[in-house]
Each structure stands twice: as C-alpha cells, then as structure tokens.
Amino acid sequence: MGRWLRKLTKLKSPWVLGAVASIGAGVTPLVVPGDWPLAWRALIAAVVAALAGASGSYFGVVLTRAESAAAAVEALHVALDPLNPPQLHRPQGPAGGERSVFELLLPQSCPTPFWGRRAERDWWWAWCQEEELSGLLVVDGPGGCGKTRLALRAAQEAAADGWVTGWLREGRAADLVAAAAAAAAADRRVLALVDNADTRTDLASLLEALAHYQGPALLRVVLITRHGVELGQALQAHLPERHALLVRNAPLMSLLPLGETSDLIRWYGEAVRAFASAWGTPPPPVSDTNAPVREGQTMAELLAQAMVTVLRRASPTGSPAPLDEVAGVLFEHEARWWRGTAALDRWALAPVSDPLLARVMTGLALFAPADEPSAVGVLRRVPELADAPAERVTNLVRWAHALYPPTAGAGLRIGPNLLADWFITASLTRTEGDRHFARHLLNDPTDEQAARILTLLARAGEHHPPARLLFEQLLGGDPVRLAHHAVYAALTTATNRGELDQTTATALAPADLDPDTTTRLLRLTPAYALPRCVLALARHHVRHTGATGTPPELGDALTDLVVALNRVGEHREELQVAREALDLFRGLADDNPVHRAGLNRALSNLSVALDGVGEYREEVRVAREALALCRELADDDPVHRPVLGRSLIRFAVALARVGQHREQVEVVREAVGLCRELVDGDPAHRPDLARAMTDLAIALDAVGEHREQVRVAREAVELCRWVADDNPAHRPALAQALIHLAAALERVNDPHEQLGAAREAVDLCRELVADNPAHRFDLAEALVRLAGALDGVGEHREQVLVAREAVGLCRKLAADNSTPRPALARSLDNLSVALHRAGEHHEMLQVAREAVDLCRELVAGNPAHRPALARSLGNVSVALHRVGDPREQVRVAREAVDLYRELADDDPTHRPALARALLDLSAALERAGEHREQIQVTREVVDLYRELAARDPDLFHQPYVDNRAALRRLLPQHDITFDL
C-alpha cells in the first residue's frame, strides 16, 4: 500500500498532468472523421478537452488524499513503537561469551511457544472488530501471568490483518488520535498497546484524547495493568466525569495464572529445551512427570525457573525456588554480562565496579528517563557519579541504553516486571550502603518522577515488602507535595493497599497541609479504599474549619470526621466527636430551623457511635429522636425522603440491639416500602434498598419467618451485587448480605447453598480486611457462618479450623474493644459445636463453659443476650453428656429449658429452640435414671412439635413424627400410659 501511494504521489507532477491533458486533447482528430460537420467536431473536441481537464483534477484529488493518508500512517508510526524491536541488544558480547538472560524472558523475544489463551484471543479479536464496543480495553492479572505476552500475540495477529499496531509512546496520545483520524482515508485500523499502564504519567491525556475522538477510523487502545478495577478507581478520582465514564465503560479482561499441574510440567520442559537451544547449549534432562512447578504459578515464574535450570545445567529437585532466589541467580548472571560489556573499549568507561553498574541500572530502570539528557540527570543522583566528568556519565547512559534500548514508552526495561521489581528493591534496601544510595537517588524528585516511582514501588511491594519502606521514605521527604501521587499509587494496587493507606496517612497526619490542599486531597481520595488517609485529612479539615470557618461549616466538618472515625473502627473518639457535633447543631437548629437537617445527621451519627461502644439503650433513644425529626423534614419537603429511609433502617438496627424484634420488623418493612418507591423514581437509590432488604432479612430471622427471610436475603444479595459492581464502595454491604443469606439458608436446612454463600462472604471479607482492618468484625461473623455451613455438609475437620480462626479473631477484637464480646460468645459457641463434631469433648466443655460465663456477663448488662446464654447452656449440656456427668448435665439442661420458656413466653419465635432444649433435657434425664420426668418432658416435646408442624410442616412435621414414635416406644418400657 505504501509503495503504491508513493508511486501515485510522483504522478502529481504538472508535467505528467499536462501530458495527460495533451493526449486527451489529441484524441479528437484520431476518433472523429474529418468530413463531419464543423459544429459536431467542435462540440466533441470541447467535451474531450473538458474530460481531460477533469481527469487531471480527479488525479490531483486522489493523489492529495493518498499523500495525506501516507503522512497519517507515518504519523502513527511516530506515535507507536514497533511491536518487536529489530534488535534488543546491540553491543558485541564480551570475550567471555556472556549474554543477557533477560532477552529470552521478555515477551518480544522469548523462544517458547505461546501456550493457551485461545478463548481470550478470540474475545480480543471480536472486540477489535466490533465498532459498537468501547474503543478502550483494560487487561489485568497478577504480575507475570502473561498479560503482555497475550497483548503482543493478539497485536501481531491484528498486524497480519492490516492493522497499524504498536506500543504507545509516552506523551504521544494526542498525536496517536490525530493520526488515527487522518488515517481513515487510507482505510486503516489502529491498535495501540499501553504496557504497565499503572506507572504511566500520560494516562489522563490519553483518556482525554480518546474521549474527544470522532474519527471514522477504527481506533483501539489496550491498557495493561495488574489491577484493572483499581486503576479505574484511581483514574476516576483524577479525571473529569466524561473521561471517567470512558474508563467505567471499558471492558475488563482479567487473566489468571494458566494451566493445571500437568500443563505446567509440560511447559516447563518445553521452556528448558527452547532456552537451551537459544543459548546454544545441550538441554539438561527434564522429567515428563515431575518438575519444580506448583498450581497457580505465573508464567513469568515458570520461565524464570526454566532459565535457571539451563544456566545451572542441572535438573532441579523438589519444589520451585522462591522468587527472590530465582531473581538473585538471574541477576548474578546478568551482572557478569554488564561487567563484560562495560570492559569493552568502545564505551571508554575505564575501570568500573559491579556495584556502580548495578546502581546505574537501578536509577535508569526506576526513573525511566525519556531521553539522554534526562538519563544523565538521573545518574547524577548516584553518589559516585555526582561530580564525575560529563563524558563518563554520558558513556554510562549510552552503554546502558545499548544493552536495554528504551521501548514501549517504558524507558529502560531490564526484564520482566516481577524480576526487575526485585532488583530495584534489593539494590536500594539490602545493606546500609544501599540505603544510603536510596536516600540520594530518591531525594527531591520532580512531580512526574515521583508519580512514576511511587506507583512502581506500590506495585513492587506486592511481592517484595521492603519496597514499602522505600515508598514511605520517598513520601516522607515531602508529604505535602507528593501526597496526591501517593494516593494515586495506593489506589492502583490491591494486595497491599491497606499498608500503603496506613503509610500515607502516617505521613499526612503531622504534615502542614493548607486548607486548599486538604480539600483537594479529600476530593481525590475514596474513603472506602483509603479510610485512614481520609481520617487524617478529615482531622486537618476540622482544624482548618475551626480556625476560619463558620459554625455550620464546622458542624459539617465534625460530621465528616465522625463518619471517618466509624469507618476505621475508632468508636470511642467517634462518640466524643459525635456528641460535639450534636451539641453544635442543636444550638444552630434552635436559632434557625434551616439547620434541622444538620441536626438530624448529627443524631443519626450519634446513634451509630453509641452502637459502636455498646450503649444500646441510649442508641434507641437517639435513633427514635432522629426518626421523629426526619419524619417532620420529609413531611415538609419530599427531598428528605431518602434520608427518612436511612433513618428507619438505623432505628431498626437499634431496636434489634435491645431485642425489640416485632417493632424492628414493622420499622424495616416501612423502610423497604419507602426505598422501593424511591428506586422506582430513581435507580440511584438502590444502595438504600439493598441495605433495607438485608436488614429485613435480619429482622425476619429474629421473629422466625425463615421462608420469607430466605427470599428477602436472596433479593438483598442480588441488589448488593448490582450496586457493588457499579461502585466498589458498596462491597461491605455485599459481604453483609452474603453473611445473612448464609444464616437464612441455615434456618431452612439448605447447607450446600449456605456453604457457597458463606465461602463467598469469607473471601470478600478477607479482601476488605486487607484494605481496612475495621472489617475484621465482618470477617469473624462470616467465619462463624462458614463453620456452620461446614457442619451441615459434614466437613468437620475444616469446620474446626474455621471455628478456631473465628475465635482467635474475636479475642483480638474484644481485647481492643469490649463491644465485640457478643461476637466472641457466638464464636465460642460455634467452636464448641465444631469440637463436638470432631470428638474433642473435654475441650468442647471448656470452650462451652467460657461461652456461658461470657454470656452471663452480657445478660447482666443487656437482657437481649438471653438467647445466646440459652444456646451456650445447651452446648455445655451436650459436652457434659459426652464426658459422662449426667447429674450436672440435668442441672444445666434444666436451666436452659427454664430460660427458653421465659423467651418463648415473651416471643413465640423461640419455641423451636425450646423444643430442642426439652429434647436435650429428656436425654439427660434418661441417663440420670429420672424416667417419669423424662416421659413428661418428651410428651411436652411432642405437643410442641405438633403445634409447630401445624404452622410449618416442611420444617417441623418430621421432628413431630420422630418424637411421637419415640414416645410410643418409651411408654411400655416404664409401664406408663399417656394418651397420644
């Protein structure tokens, strides 16, 4: 195509066009007979001449368009680096014959086959072709799982089909979009890849350019990153709404490590042979049935292990070596190659030490300078080169760039990210000398440099924890200037976001932030993702507002601080600040009714704070006052109806804390009805409806409406999935919905679905806890539900492990704060059941007695905990039977029955539990030889199950039949007659 365009361009010469016109004019005498009338000959000559002129004009237009298209294609190639650089390593090898090991590990030059990913490649190709789909694709997955390799293979296939493809160069996004629009005339389709998208500093300009793209050419851009959702969150916080929408609408292709163990063994063997062939050495023997691989291993780890096998020329034994050990072997080899090439005369480096060469590579890999002068500036940060001659520093830059030519807009790239991240981290943290080097290297970077380095260190910290210390060091040098870069970096990661949140918050707390900076950072920082940072900023905001703001502004700032404290579980301080905010808003509302809405928020926040410290009676009073005020506000102005829905939910929670379950159900049903009306008018109210549905499921559990409870809990989970997919801030609500769905399924004896919901809840809660330890209470609750589900399916060994974890977690929570003590009691009960299933009866008795003691203390403070005490007494009774103490068992079982009678008299929903307690007492009486009382108790059991079966035959008919039959067998044994 390009050759044809260049030939056409040459035709755009006036001499050529003139010749064409002359030929056209000369045609007339050749084709028109001379004896025709003059008028006819003149007319035909004019037409021919006109046609000749038109042809010249037509060719001129075609050639102009062709020339523009050729220029557009050239412009595209300026914006894009080629998929496969023609030569990765230019210098002649040293005399020892050493070579770079990483050349064979990079996707562009790896000699191994491309394994698997057929479905992903097909999906990618469909995305490329479908014009209606978003032009932006995000490909994510764990480090080393093959994202870049897949992107390269897919782009190569597109190039074979005529697409213009390449790696987008840093800062060339606008040029790419402009060239793509112009390339439409050449019928071109463009595919641009952005590797390591999280460390790029030009993503905002790229998205801005894409948001405005209107060209007819098919333009496709792929962002490759480890955490696609997290990158989207980070970008949304820094982008205008129209650009954030582009990110939210982009499809996400998430890759996981590929292959089963048998696949990994086969691929490992193929990689060893391919590397040995490329290396020019005989391959070491490898087994077809065994290899140093493990399930879930990434492709980069497998290939690196295979390369180590080739270098050592011996088959390894046992499990795969740790990543740090593998990386150390490879970089040790690479360092020999550096030493050999640096000794070549062509570089004029004079004697140079191995540590200095490593520091040169570290600085250039970390800073990724765009050009030679910038690279020289980076090397001036190396202490040994700070005052070195300019020629020496320049030669070192040229040497390094010759070994690792900067490609794909990523600067100097030594090798796969997993290994390069280890090298950078180790080079800056291993020894005191390395740490001294780090202080010089990281001192006072530019904003653009800091943005890249902080993001790279955040990524490296996922596998190499010392990188987090470097993150802290860099941020601590200038927290005010670098805070927004640290926030972005923390948002782009997932596995160590909690640590980075804490690190950034620690740096922000003492920093001298001005009001404008504080406000800007609060706007950029999502509270659900970085709660400690938001808390630190909220404290700054209160300080600024108290000094210069109005009383209403201070009230709003205090309200925000209350919410931030609640989010991280700082309940004592939360209560103190909530009371301060309430006092302020009471005074404001007394002076001016316009502040009643602020007073309502303050009351609601105080009720939440009281819940956090276990002050449940005052919580009910405050929540009731908030609801009454909210009803007044909603009556005056319907705009307050969403707040009324949330106030109803809050009041229902308070009622549950003091055991007022009937009123709780009424209130939460009203909340659900109101939220449904709001959702009909605006789907944005779905989060409130989801929360109301979850609370309704909890309330129905308390009153024994288990069939409806399951239906409501399922709807709550569906709603929460929807809102959490749209906004990750709602993931805690999804976790709660799953926990209560598992509880509902346990009530109707559906252990298999219960197990699925409980496992999903635990997995989600673990992710939440990694970001914010305040979610440990949710995790403990999810673990309790999982242990119950495991009991239902007979997985008793895992049940004990899960129950022990729940108890351990609850003990830590209770040690920090007395409020989680009810959760500790539940987890102890749960563990006692698990120990019973496992046959550990003496430990069961010990744990169950601890639960009873704890529940007695709880009941003394709040009678709403009586059901928990009754359950714990039942567990002690079972344990006493197993250890052979029937008299004590009868005493404990009678106490449990008496307690359940009181509960059932107040609330009939406790009658099934009373029936079970009576059964336990009957068994204890039999062992103690109290047969007449045993028969009386068994008769009461039969009567009770008869009544329950009349209401819910699905749950209680079979227990009624079984116990009636047992009573029939029992009576003749003791010569006692009862009417049945």
Side-chain angles (χ1 to χ4, degrees), residues 600 603-604 607-608 611 616 619-635 638-723 730 733-734 736-748 757 864 867 903 906-912 951-952 955:
N600 177 68
L603 285 165
S604 181
S607 72
V608 173
D611 186 84
Y616 300 130
E619 177 188 357
V620 172
R621 181 188 63 76
V622 172
R624 198 182 293 276
E625 180 184 356
L627 179 59
L629 177 56
C630 206
R631 288 193 192 280
E632 295 177 10
L633 292 169
D635 288 342
V639 75
H640 294 291
R641 294 179 76 220
V643 182
L644 174 58
R646 292 190 285 274
S647 186
L648 286 163
I649 295 170
R650 179 90 282 286
F651 183 46
V653 171
L655 291 169
R657 297 292 191 249
V658 295
Q660 297 183 23
H661 300 301
R662 291 295 172 188
E663 186 179 1
Q664 175 193 3
V665 171
E666 293 175 6
V667 171
V668 79
R669 283 194 191 279
E670 181 184 355
V672 168
L674 176 57
C675 290
R676 286 198 192 281
E677 294 176 12
L678 293 169
V679 168
D680 289 342
D682 183 356
H685 295 293
R686 279 179 174 162
D688 289 334
L689 176 58
R691 171 64 192 276
M693 294 298 291
T694 300
D695 283 5
L696 178 56
I698 297 170
L700 290 168
D701 183 27
V703 298
E705 298 290 343
H706 301 308
R707 298 292 175 191
E708 186 182 0
Q709 177 192 359
V710 171
R711 179 188 63 77
V712 170
R714 283 183 173 134
E715 183 179 354
V717 167
E718 290 176 4
L719 277 167
C720 287
R721 284 197 198 284
W722 191 92
V723 299
H730 297 297
L734 174 58
Q736 279 291 314
L738 287 164
I739 288 168
H740 293 295
L741 175 58
L745 293 164
E746 183 176 10
R747 300 294 187 265
V748 298
L903 292 167
D906 295 339
D907 185 347
T909 59
H910 292 290
R911 295 173 78 208
R951 288 190 55 200
D952 192 340
L955 284 179

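Side chains included, hydrogens not; waters and symmetry mates left out as well; all remaining heavy atoms used. Owing to the predicted nature of the structure, the values given are computational and were not obtained by experimental measurement.
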Enumerate donor-acceptor pairs with a distance under 3.5 Å from any side-chain N or O in residues 658-666 to protein atoms, sequence neighbours excluded.
unit_1: H661; atom_1: ND1; unit_2: Q664; atom_2: OE1; d: 3.0
unit_1: E663; atom_1: OE2; unit_2: R624; atom_2: NH1; d: 3.4

For residues 641-650, which side-chain donor-acceptor pairs fall under 3.5 Å, sequence neighbours excluded?
unit_1: R641; atom_1: NH2; unit_2: E677; atom_2: OE1; d: 2.6
unit_1: R646; atom_1: NH1; unit_2: D688; atom_2: OD2; d: 2.8
unit_1: R650; atom_1: NH1; unit_2: S607; atom_2: OG; d: 3.3
unit_1: R650; atom_1: NH1; unit_2: E619; atom_2: OE2; d: 3.0

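Distance NE2/H730 to CZ/R686: 12.0 Å, rounded to 0.5 Å.
Residue V653 forms a side chain to side chain contact (heavy atoms under 4.5 Å, CB included) with just one option from V668, V620, I698, D695, and that option is D695.
Side-chain contact between V667 and L655: present, with at least one pair of heavy atoms (C-beta onward) separated by less than 4.5 Å.
In summary, E715 and R676 engage in a salt bridge, as defined by a charged side-chain N under 4.0 Å from a carboxylate O. Electrostatic pairing of R721 and E718 does not count as a salt bridge here, judged by no charged N lying under 4.0 Å from a carboxylate O.
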message: With side chain to side chain contact (heavy atoms under 4.5 Å, CB included) as the criterion, how do L700 and R669 come out once you've worked through the C-alpha distance, each side chain's angles and the decisive distance to 0.1 Å?
response: CA-CA 10 Å; L700 290 168; R669 283 194 191 279; 3.4 Å; yes
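With sequence neighbours excluded, the residues that form a salt bridge (charged side-chain N to carboxylate O under 4.0 Å, His left out) with R631 are E670. With sequence neighbours left out, the salt bridge (charged side-chain N to carboxylate O under 4.0 Å, His left out) criterion links E705 to no other residue. Residues passing the side chain to side chain donor-acceptor pair (under 3.5 Å) test with D701, sequence neighbours excluded: R747. Annotation: salt bridge (charged side-chain N to carboxylate O under 4.0 Å, His left out) contacts of D635 (sequence neighbours excluded): none.
Across all non-hydrogen atoms, the minimal contact from A626 to N600 is O-OD1, 3.1 Å. Nearest approach of V712 to A697, heavy atoms of both residues: CG1-N, 3.8 Å. The two atoms that bring A716 and M693 nearest to each other are CB-CB, 3.7 Å, heavy atoms only. When all heavy atoms of F651 and L627 are compared, the closest pair comes out as CD2-CD2, 3.5 Å.
No donor-acceptor pair under 3.5 Å is formed between the side chain of T694 and the backbone N or O of A713.
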